[in-house]
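Let me begin by presenting the structure, written as structure tokens, before commenting on it.
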Amino acid sequence: MSAYNSGIIARVLGNAPLKAGLPPGTPIHVGERKTERVNITVLHYDRHGCREETTEKAEQCRFYHDREGVSWINVDGLHHVDIIEKVSACFKLHPLTVEDICNTTQRPKLDIFDDYLFLVARTQTYDQARGALASDQISIILGKNFLLTFQESPTPIFAGVRHRINSGKGKIRTMGPDYLAYALLDAVVDSYFQTLENLGEEIETLEEEVLSAPRRENAEKIHRLKREMILLRKSVWPMREILNSLLRHDETELIDPAINIYLKDLYDHTIQVIDTVETYRDITAGLLDIYLGSLSNRMNEAIKVLTMFATIFIPLTFIAGVYGMNFDPEASPWNMPELGWTFGYPLVLALMLAVAGGMLYYFKRKGWL
Amino acid sequence: MSAYNSGIIARVLGNAPLKAGLPPGTPIHVGERKTERVNITVLHYDRHGCREETTEKAEQCRFYHDREGVSWINVDGLHHVDIIEKVSACFKLHPLTVEDICNTTQRPKLDIFDDYLFLVARTQTYDQARGALASDQISIILGKNFLLTFQESPTPIFAGVRHRINSGKGKIRTMGPDYLAYALLDAVVDSYFQTLENLGEEIETLEEEVLSAPRRENAEKIHRLKREMILLRKSVWPMREILNSLLRHDETELIDPAINIYLKDLYDHTIQVIDTVETYRDITAGLLDIYLGSLSNRMNEAIKVLTMFATIFIPLTFIAGVYGMNFDPEASPWNMPELGWTFGYPLVLALMLAVAGGMLYYFKRKGWL
Amino acid sequence: MSAYNSGIIARVLGNAPLKAGLPPGTPIHVGERKTERVNITVLHYDRHGCREETTEKAEQCRFYHDREGVSWINVDGLHHVDIIEKVSACFKLHPLTVEDICNTTQRPKLDIFDDYLFLVARTQTYDQARGALASDQISIILGKNFLLTFQESPTPIFAGVRHRINSGKGKIRTMGPDYLAYALLDAVVDSYFQTLENLGEEIETLEEEVLSAPRRENAEKIHRLKREMILLRKSVWPMREILNSLLRHDETELIDPAINIYLKDLYDHTIQVIDTVETYRDITAGLLDIYLGSLSNRMNEAIKVLTMFATIFIPLTFIAGVYGMNFDPEASPWNMPELGWTFGYPLVLALMLAVAGGMLYYFKRKGWL
Amino acid sequence: MSAYNSGIIARVLGNAPLKAGLPPGTPIHVGERKTERVNITVLHYDRHGCREETTEKAEQCRFYHDREGVSWINVDGLHHVDIIEKVSACFKLHPLTVEDICNTTQRPKLDIFDDYLFLVARTQTYDQARGALASDQISIILGKNFLLTFQESPTPIFAGVRHRINSGKGKIRTMGPDYLAYALLDAVVDSYFQTLENLGEEIETLEEEVLSAPRRENAEKIHRLKREMILLRKSVWPMREILNSLLRHDETELIDPAINIYLKDLYDHTIQVIDTVETYRDITAGLLDIYLGSLSNRMNEAIKVLTMFATIFIPLTFIAGVYGMNFDPEASPWNMPELGWTFGYPLVLALMLAVAGGMLYYFKRKGWL
Amino acid sequence: MSAYNSGIIARVLGNAPLKAGLPPGTPIHVGERKTERVNITVLHYDRHGCREETTEKAEQCRFYHDREGVSWINVDGLHHVDIIEKVSACFKLHPLTVEDICNTTQRPKLDIFDDYLFLVARTQTYDQARGALASDQISIILGKNFLLTFQESPTPIFAGVRHRINSGKGKIRTMGPDYLAYALLDAVVDSYFQTLENLGEEIETLEEEVLSAPRRENAEKIHRLKREMILLRKSVWPMREILNSLLRHDETELIDPAINIYLKDLYDHTIQVIDTVETYRDITAGLLDIYLGSLSNRMNEAIKVLTMFATIFIPLTFIAGVYGMNFDPEASPWNMPELGWTFGYPLVLALMLAVAGGMLYYFKRKGWL
């Protein structure tokens, strides 16, 4: 679960307000604590081999700052601000960067520093159990020989990349940290496709329900889906700007132009995600209209049934009421002589039938039957 | 039928999620299998003649890589990834291109490589039987002497172009593969006009129904039409960007400036398609309002009828009820002396008539009659 | 009447699909046949004089290709493709231009060729009889010494320009064909003002109706007006781009910079038309809301009347019903002793009055009366 | 009152259509005649003094064309086209300018001529009596030493500026005609603030009404306010473009760069007006939703009251009806033996109470009470 | 409370109209008087120390105009225009600047003068007591060695910055007035986060209410929230443009490029605020739909209950009515012979049960039960 959209709305901003008044560049953990221990994993590799180690001593990271080959240092858990600060110090990160790493309510963005690029990305995975999106913030620092990643909790999203490095599959081991950064962003965008598939299935189920038999809960679900689409959009839209900036990359030399073709491909995928989110939003918005129309329809039907029954039986009941009056036929020949007629009763029944038949004919002509 | 919009929504993304975790550039067939066998057709032509052959040996394509004249290699069926890979190898396509060819959930796009242009287009044809759109992805690779096309199934859309090459009609045989690429894209855009005509007819029929006698199913059809317009728009909108890029073509030398005038014409047609789709969307959106207004109208009418009957007869029934009470006139002269009057009954009937008349007059003045 | 918006929607695209599969540049008449004979009128003028002649021999136009002075060749009727082709050949028009002239479903546009400018404009006139818009396509080809116009039928829109040339009024005879093109476009834009005035009157009438006494047909009329505004907008919006391109005119030398000030004025008028169309659209969209609110209001009123009558009389009828029960007072002193009281009947009537009065007081307090 | 928005919609375009067919540059008065006499006022001033005179001889204006100091010639009343033409001739205005001055349906705009700038602005003042906006067109011609203004009627808006010139307050007398033009535009924009305040008060009153006790007339007022906001926006939006053009002023030397800071300030005010108009539009649009929701609410309430009464009393009336049947107890012991029971009547009354109580409990649980 | 949004709408513009007619640059206090006394606080600091003093003599500020180190002069209370003018005179501010400082209805903006930058910002704090936003205008003038701030009332927002200067925390004392300006703007943007959290909580509470048990007051609260979001957006949106201009800062040398990285960070925060405001707007807009749907739903339910009761009991009551008629069985064997049958009464009761059962079965099949 995520600080980003668990507390639905109010917590969108985490405990950001706590920070008001502090000097800029003061790192404070903003967000939910998602893991117990802070884990530091170092994966050092080059064309020839790869070595992985786990440490808890943040200071040891300083050896990887200028080391030959590519070093990928991953930190899981952001609530121990001092560990984050120590790691950051090893790579001489700017205080504003450290502050942003700790604050898990960031909007995805790209900051270009002299020595490194600072990227914030955001995953949105579909939590089947809760039936809602869960979001994690991932900070990526791309230096000349190293790549730092900071995550709120150990996510399975990067497992594939790690496996490719370990096994030497693909060309990842022959490339620099910029390609690694691309591979990680690619994994993030790929995870959106899974999320979109889950949402798509929900929309499809909902669509069938709304079109066949709308229920009260549908409105709530439509509202929830709309809100999730808004959050998803908010996460993925800035990715586009980030990739656009990376593609122009005239401001930095940390991205090798040879990576361009991969970034362009990733950009296309991001556009596809955005496109699909927009399509889903349009469809979901349409569903609410259908739902409301459907309610109107059922009300219409109920009112027609009521109107038919009432307009047929009310006149009949009135007729019966008339002949239930107790005017005294003996007091005057003008008082309800019908009651004494030979065919009084059958005639009244016939009158009733005629009235009912007339009403039914009228409804038939009106198209209500 | 198409992977793109058959399973309505969830399948918009095909089995894309299967790919998560694989290194970029790994071709996997994403989408529905639409044809049994993979067919490779080679059409080689120049100013003087044209030769067509069908083969199943993908390796033979390598002869056409640098051959004098224009070679159009068309592949129908994308599920045999190894065949796609073999063909691609003959023309030295980038792994990312091969991956995109196999994934039939692409957004239409243009990728500019050093040796070739990679174009993805998407047809949307109206399936009369199912009353829904069916979409096919078409990948076009434009090289110096060759043009590759990859389709999900053999579509009739390119038949006209093939016929023109075979018969030597028009100037197609005197031009290069860039003109061929234009001709194929022109055929794709022309197919949209047919689709728009079909949709336009549906909208027209629906409009008449909604305005004359709205039915419950109309809402569903409006929803479906809206969704199809969204899909259509999603397919055609990127075409505009593609043509725009081709028209600027400062990044590539594969497009002869002489083709420009044709591309500009095609661009205008695409704008016309987009314009019409937008017009249809506006009209369809308006239809839902009319439909909902129509429902309101009918409910209004039913309620008025009910109100009229009820408000006329309820007082009458009440009067009849009063004179149906069994107070004993003999117990006291105060108890219902009317029952014994000479003109009691006629007077009550007159009272009832007066009440009914008064109500009718009131409704008339209110404009309900 | 016009192919553009006669068959309401489906025919927006004319018989465009017929063209699918033909090589580009094949002229086929797309649209309705609006005139019987094809008429060719040549108006040749310069500072000193002017000569007008009508011919049916298309070949004669070739004399005007390079003739001193300004030649305005106007063709009414587009269904004889061979005549169009012959005229076009005289002025060496590109096949794509000829194709577009014949296809009356074009979007207004400007194509810049080496030797001429090709302009497509579209009139929208209000057909009082049918109460709907009728549209005509006008193709204008501006060459160095000549101006060609192709119309679907002889429209009265250009009569004023023709009169000015014949009478030598204004400066038109002292200017080149670029000024003539401007004058014709000015006439087209002026015709939009007339159309807007007609639509404005319709909106005004409709507004009064909807606000005072909404009727079922209003919804239909609002829908129709909205659709017409969409079509109008679709015709006039591209005019703006065309004029913008002409004003920049760095790509062509066929427009004399001295014309600029006139084109700028025309551009302002076009913006004013667009502005007004948008204003009308906003107002019309607002009308639908008012209409729906009005329906709600009337339903509300009907339901209140019903509720008042029902809630007042239902309890009274119930009381009357109670004393209409036939429990036998003689069987037991507990059985309806009221029936035998001296003031039983007056008391019950008083009770009824009290109940009715209480309900009325309640409704008054609720603000329903 | 104004030609611009008096006849509500149809007259938006004045009698513009009358002009169709005339050569461009033919001045015709389009709009309403708002003043009887045409008044020409000349205010000539420089650092040292100021002289004001009123004349009816348009020809006398020619003395001010090149005169030392600043000459402000103001013309009230546009219906005597010949006077306008004479004044214009004195300052060598282009025929298109003269045409636009006379046509009071212009969209605010800026035309840059070689010798002068032509500005059209539009006031929108709130007419308390009619409760509607009234609009006036103001044409400003800024030359090297002179400034011409043409108004439909003598408006009080410029009184402040005139007073400042006469009294020598502020720096206006030390500046050129460009500063005067700025001061006049500033007065126009200031007048919008007054209009906005009036509209804001109306919206506030309406908001209170709609939220507390919505009435039928509210819908009409919301509609009217929306339309006025549309007109206001249409007048003020182009002002922004005009000021933007003046600020860039690379195309003209008639604006002294020292004026820039004032124009920037005026630009900020215009943005503020636009911002406020947009805010008001959003709020007004929201009001309609609240109004419709309020109608629904009241209908809901009425229907609940009806349902409660009906569902409580209908079963009771039915029970009373049963015991009002005339089956003959003497004919058979099966026929209504209850009528003869000792406690028949009290038992039935108790049954009725129980039914009513049950219904009330049900409604309580449903939250309807 | 604030002049900006206290009087809800009408007062958006304060008493701005009072100013109409005055020469530009005339300072007049526009807005509410929020503090009694005008307070001038001077905070002079450099790397080595810091001195704070409070004065009421505006003239003394002139000593700080060119003083070594950084001088921050803060003025609380804007209603004594002469004090503002005196302070402004000390720093040679342009009359237009002074006018804007006094007018508390400014839109946030940046004006670049030769000697200083003039910034207007706007706070929006959530007033828990009133449950509404309160806004204050803050004018910041950034000179070479000094920074002026003008506030409507002493706000707690700048307390943190003042504390950091006094205590020497962070790097603020080592930087120039440009960093101080950044720190103050940062404090303003931070205060928005607090406001957003408060609004977020309100939206969350409202959301729960609307989804579980919608009440009449919800519509009003949604409307109020929407309006507050509009005001918030209006305040924060221009901040983005301001920061964008500062980041480009090619027009001024008052901003040290070293500050850039902080301004970029602040820009990102502003985007995050804007993003969140937009998200909240979308969610709030969705809530209204849910609310209206919910009303429809409840109406639906009430109507169904009514229809069920009415359609079941109306026929039964009619049957009872029939047998309550007083036709005389003795007058003719045709007159209600059922009344004399042995099992007449039980049969009628059975008929009634059958009718009721039939109706219930019908409703079950319809899914109403």
Side-chain angles (χ1 to χ4, degrees), chain D residues 159-160 163-164 169-170 172 183 186-187 190-191 193-194 196-197 200-201 203-204 207 211 261-262 264-265 268 271-272 275-276 279-280 282-283 286-287 289-290 292-294 296-297 299-300 303-304 306-307 310-311 314-315 317-318 321-322 324-328 331-332 334-336 367-368, chain E residues 7-13 16-17 19-25 94 96 100 105-107 109 111 113 213 216 219-220 223 226-227 230-231 234 288 291-292 295-296 298-299 302-303 305-306 309-310 313-314 316-317 320-321 323-326 329 336 338-346 348:
Chain D
H163 176 70
R164 266 148 61 200
K169 261 192 200 156
I172 196 162
D186 192 48
D190 270 1
S191 77
F193 283 103
Q194 179 65 57
L196 282 175
E197 175 154 313
E201 275 163 16
I203 294 174
E204 208 170 14
E207 196 169 38
L211 284 173
I261 197 160
Y262 294 97
K264 175 71 172 56
D265 192 68
D268 288 344
I271 295 288
Q272 200 180 340
D275 237 50
T276 308
T279 303
Y280 284 6
D282 281 359
I283 292 174
L287 276 182
D289 291 333
I290 297 301
L292 293 176
S294 208
S296 264
N297 240 322
M299 210 186 297
N300 229 338
I303 286 178
K304 269 191 209 161
L306 174 63
T307 304
T311 48
I314 283 181
T317 306
F318 165 65
V322 166
M325 292 195 293
N326 295 324
F327 283 96
D328 192 358
S332 139
W334 289 99
N335 274 354
M336 310 192 83
W368 288 10
Chain E
I8 307 192
I9 302 177
R11 278 165 244 166
V12 163
L13 297 162
K19 302 196 56 177
L22 289 174
H94 194 281
L96 286 172
D100 287 349
T105 62
Q106 295 294 315
R107 187 177 180 265
K109 67 168 180 172
D111 280 351
F113 288 83
R216 183 161 197 165
E220 186 169 347
H223 181 63
K226 270 170 112 173
R227 209 179 45 208
I230 291 171
L231 290 177
K234 212 175 142 186
L288 192 69
Y291 171 74
L292 293 175
L295 283 184
S296 264
R298 309 197 100 194
M299 210 185 294
I303 286 178
V305 167
L306 175 63
F309 266 86
F313 282 104
I314 284 182
L316 305 189
T317 306
Y323 293 105
M325 292 195 294
N326 296 324
M336 309 191 84
E338 307 94 320
L339 297 179
W341 291 355
T342 308
F343 295 103
Y345 182 53
V348 161

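Computed over heavy atoms, backbone and side chain alike; hydrogens, waters and symmetry mates excluded. Every value quoted in this text rests on a predicted model; they were computed, and no experiment measured them. Throughout, a chain's letter reflects where its sequence line sits, starting with A, and its residues are numbered from 1.
Within the 4.5 angstrom heavy-atom criterion, only side-chain atoms of D/K264, from C-beta onward, approach chain E. Heavy atoms of E/L295 lying under 4.5 Å from chain D belong to its backbone as well as its side chain. Proximity to chain D is limited to the backbone of E/M325, based on heavy atoms less than 4.5 angstrom apart. With a 4.5 Å cut-off on non-hydrogen atoms, D/N297 touches chain E through its backbone and its side chain both.
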Set out, in order, the CA-CA distance, both residues' side-chain angles and the distance that settles side chain to side chain donor-acceptor pair (under 3.5 Å) for D/D289 and E/Y291, then state yes or no. CA-CA 11 Å; D/D289 291 333; E/Y291 171 74; over 6 Å; no
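Residue D/S296 comes nearest to E/M299 through the heavy atom pair O-CE, 3.5 Å, listed as atom of the first residue, atom of the second, then distance. The two residues E/L306 and D/A310 have their closest heavy-atom pair at CD1-CB, 3.5 Å. Considering every non-hydrogen atom in both D/N335 and E/P346, the closest pair reads OD1-CD, 4.2 Å.
Classified by interplanar angle (parallel below 30°, tilted 30° to 60°, perpendicular above 60°), the ring pair D/Y262/E/H94 is perpendicular.
Annotation: side chain of D/T317 is not in contact with side chain of E/F313 (no heavy-atom distance under 4.5 Å).
Counting heavy-atom pairs under 4.5 Å between each of E/I230, E/L96, E/L288 and chain D puts E/L96 at the top. By number of non-hydrogen pairs under 4.5 angstrom with chain D, the leading residue of E/V305, E/L292, E/I314 is E/V305.
Proximity of the aromatic rings of D/W334 and E/Y345 is defined here by a centroid distance below 6.0 angstrom, and this criterion is not met.
Looking at E/Q106, its side chain never comes within 3.5 Å of a backbone N or O of D/D268 through a donor-acceptor pair. Between the side chain of D/N326 and the backbone N or O of E/L339, no donor-acceptor pair lies under 3.5 Å.
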